[in-house]
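First comes the structure, then the notes that go with it.
Note on naming: letters A, B, ... go to the chains in the order of the sequence lines (proteins, then strands), and numbering restarts at 1 for each one.
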2 protein chains.
Amino acid sequence: MKEMRSGPNAVAMSTTFPELFDRFSAALLPAETPDATILRFRSIARAIRLDSHGHAEFDPKAEQLAFVCVGSAKLVARASGGREQVVSFHFAGELACVPGGALHAYSIEALTPCELLAFPVGEFLDLARSEPAILSEVCDRVMVALHRASEKSVALGRKTAQERVCSFLVGMTERIGVRQGNGFAMRLPMSRRDIADALGLTNETISRQFAELRMSGIIETSGRSLVTVPDIGSLRDLGGYMQLPERNAA
Amino acid sequence: MKEMRSGPNAVAMSTTFPELFDRFSAALLPAETPDATILRFRSIARAIRLDSHGHAEFDPKAEQLAFVCVGSAKLVARASGGREQVVSFHFAGELACVPGGALHAYSIEALTPCELLAFPVGEFLDLARSEPAILSEVCDRVMVALHRASEKSVALGRKTAQERVCSFLVGMTERIGVRQGNGFAMRLPMSRRDIADALGLTNETISRQFAELRMSGIIETSGRSLVTVPDIGSLRDLGGYMQLPERNAA
DNA sequence: CGTACTTTTGATCGAAGTCAACTACGGTGG
DNA sequence: CCACCGTAGTTGACTTCGATCAAAAGTACG
């Protein structure tokens with residue numbers, strides 16, 4: 001029971017536990033799941049409510065699955081010397097895997113007010129085993145996370161600052177962008193610093209890259225968080241991606 | 001059937017398909033799996049035999065699961081300008097996830113002569129759904145891969161060259177090292193260049209870091225591939241890891 | 001035993017980091 | 001509603017770590 005500790009900004013909020021759990025079960029538990037199983041998932045779920053910038057630390061030995069019910073969050077790893085790496089960003093409806101027994105310290109931090117359900121992986125998978133459809137859904141989601149991590153390692157390992165920023169923006173338009181003519185508009189919930197920590201850069205470098213992209217008309221910004229991309233193609237061209245030979249009709 | 005294309009070094013080798021498949025099924029299919037299911041796995045498995053440095057390209061649209069039956073391999077992503085990132089190394093008995101529909105081009109390349117079984121993910125998971133134990137095992141392995149990727153992104157995003165090399169060596173001792181007194185010895189199947197491509201550095205930098213570690217007595221080397229680590233603790237201290245507060249007895 | 005490739009070592013360069021100062025956004029209270 | 005203030009973001013000057021370019025030395029292969 002002591003395995004989760006919430007940070008200073010952890011705060012009571014509106015949504016009730018049943019409401020949170022409903023969002024989880026709507027997303028991950030198939031309709032035909034027996035009530036008994038649902039109840040057992042309920043009994044291992046732990047609600048975490050975070051104010052903006054609030055953070056949740058977990059027992060470093062116990063791996064967790066965290067379902068984001070509302071809001072958005074980042075999964076952060078800490079290395080020596082206070083260095084932070086944002087491993088992934090997560091939006092409502094997504095599942096985050098918080099490693100246990102790792103050599104870095106992981107935590108989940110809220111980008112916006114945020115409500116999560118955390119499950120110890122072991123017990124979660126034990127239950128899921130009784131319902132292949134759940135296991136299959138979890139497996140799919142973990143694979144998506146792995147693919148994102150693979151793509152990201154290319155950026156972190158081999159790309160320039162500009163390419164990293166462009167790939168980041170391409171990825172974000174796909175996840176939270178709303179179509180706008182030829183391009184996209186989006187409200188980024190994370191700070192320049194968060195972006196820097198995700199891309200292995202500094203906030204100054206992010207700022208400079210945003211400035212350049214603004215100059216060349218690739219993006220427009222308004223306020224701290226609103227970004228519009230008039231033409232997603234030119235942004236993608238700057239992402240350092242492999243030019244795929246496939247060019248046939250969909 | 002045209003989804004897999006083997007490179008110039010793909011070559012015929014000793015192990016027969018039934019032998020390869022047995023290794024796969026011993027690792028991933030539980031004893032109680034019905035013969036019909038085993039047969040269906042067999043029918044979607046595709047054997048890939050690679051000479052040292054041979055490579056296998058896959059249909060970029062179709063995600064694959066590749067089980068390494070014998071030998072060792074690297075999962076490589078290619079970005080524009082011929083840049084390569086080694087996403088992960090894999091040894092016999094491990095499962096590699098080759099992303100499909102990605103913005104980079106992925107391939108598997110042999111470090112040593114190597115034999116794989118490749119499965120299209122969709123069909124694989126369809127079959128696995130009938131046997132929760134298989135799904136559960138795959139899920140576990142994919143999570144391990146995700147954790148490694150998370151830890152690696154800390155290295156790529158926030159660590160110095162020396163810290164990256166030390167974390168790499170720490171990870172390798174855990175995977176292929178053989179205990180030797182206080183430390184470990186191992187034969188690294190990958191070249192300096194492979195290590196560089198995995199750590200987001202150059203082969204020159206790897207060479208220089210190895211030289212420094214040799215100087216300070218942290219490692220000893222013999223020939224190109226033999227590395228011994230007299231004291232794993234001092235190597236770990238240089239890895240830039242979080243100094244975990246946990247210091248209690250096991 | 002020779003030869004081709006990998007590794008090592010050295011010298012120089014450049015992209016991003018660091019340090020510092022200034023600006024502007026957006027939330028709070030008057 | 002507007003003025004104020006703290007934080008986040010921007011911009012500039014300089015530094016640094018690892019990349020790049022080049023050449024020598026070492027391995028392991030035929």
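- Considering CZ of A/R148 and OG of A/S150, their distance stands at 12.0 Å, rounded to 0.5 Å.
- Salt bridge A/R193/A/E84: absent, no basic N to carboxylate O contact under 4.0 Å.
- Atom pair A/E163:CD and C/dA15:C1' shows a separation of 12 Å (rounding to whole Å applied).
- Across the protein-nucleic acid pair, A/K159 atom NZ and C/dA16 atom C1' stand 18 Å apart, rounded to whole Å.
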Between protein and nucleotides 27-29 of chain D, what N or O pairs are separated by less than 3.5 Å?
| residue | atom | partner | partner atom | Å |
| --- | --- | --- | --- | --- |
| D/dT27 | O4' | B/R224 | NH2 | 3.4 |
| D/dT27 | O2 | B/R224 | NH2 | 3.3 |

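- A side-chain N or O of B/S191 and one of B/D194 form a donor-acceptor pair less than 3.5 Å apart.
- Exactly one residue among B/K152, B/R158, B/K159 makes a side-chain contact (heavy atoms from CB on, under 4.5 Å) with B/R164. That residue is B/K159.
- Within the model, atoms CZ of A/F58 and CZ of A/R46 stand 11.0 Å from one another, a figure rounded to the nearest 0.5 Å.
- For B/R192 and B/F210, the positive end sits near the middle of the six-membered ring, less than 6.0 Å away and at most 45° from its axis.
- Computed from C1' positions of five pairs at each end, the angle between the two local axes of the helix from C/dC1-D/dG30 to C/dG30-D/dC1 equals 50°, rounded to 10 degrees.
- Counting only N and O atoms by type, the side chains of B/Y106 and A/E151 include a donor and acceptor under 3.5 Å apart.
- Distance B/R192 CZ to C/dC5 P: 18 Å, rounded to the nearest Å.
- Atoms CG and CD, on A/L169 and A/Q209 in that order, are 10.5 Å from each other to the nearest 0.5 Å.
- Put simply, NE2 on A/H53 is 13 Å from P on C/dG26, counting in whole angstrom units.
- Nucleotide D/dA8 holds its P atom 15 Å from the CE atom of A/M190, rounded to whole Å.
- At least one side-chain heavy atom of B/L188 sits less than 4.5 Å from a side-chain heavy atom of B/I176.
- Atom CE of A/M215 and atom P of D/dT11 are 6 Å apart (whole Å).
- Following rounding to the nearest Å, A/L226 (CG) and C/dA24 (C1') show an atom-to-atom distance of 16 Å.
- Nucleotide C/dG27 holds its C1' atom 14 Å from the CG atom of A/D51, rounded to whole Å.
- Side chains of A/R49 and A/T15 form a contact here, defined as non-hydrogen atoms less than 4.5 Å apart.
- Residues from residues 196-214 of chain B that place a heavy atom under 4.0 Å from any atom of DNA chain C, listed by number: B/E204, B/S207, B/R208, B/A211, B/R214.
- Here A/R193 does not reach the OP1 or OP2 of D/dA8: none of its side-chain N or O atoms lies under 4.0 Å away.
- The line from CD1 of B/I108 to CG of B/L50 is 8.5 Å long, rounded to the nearest 0.5 Å.
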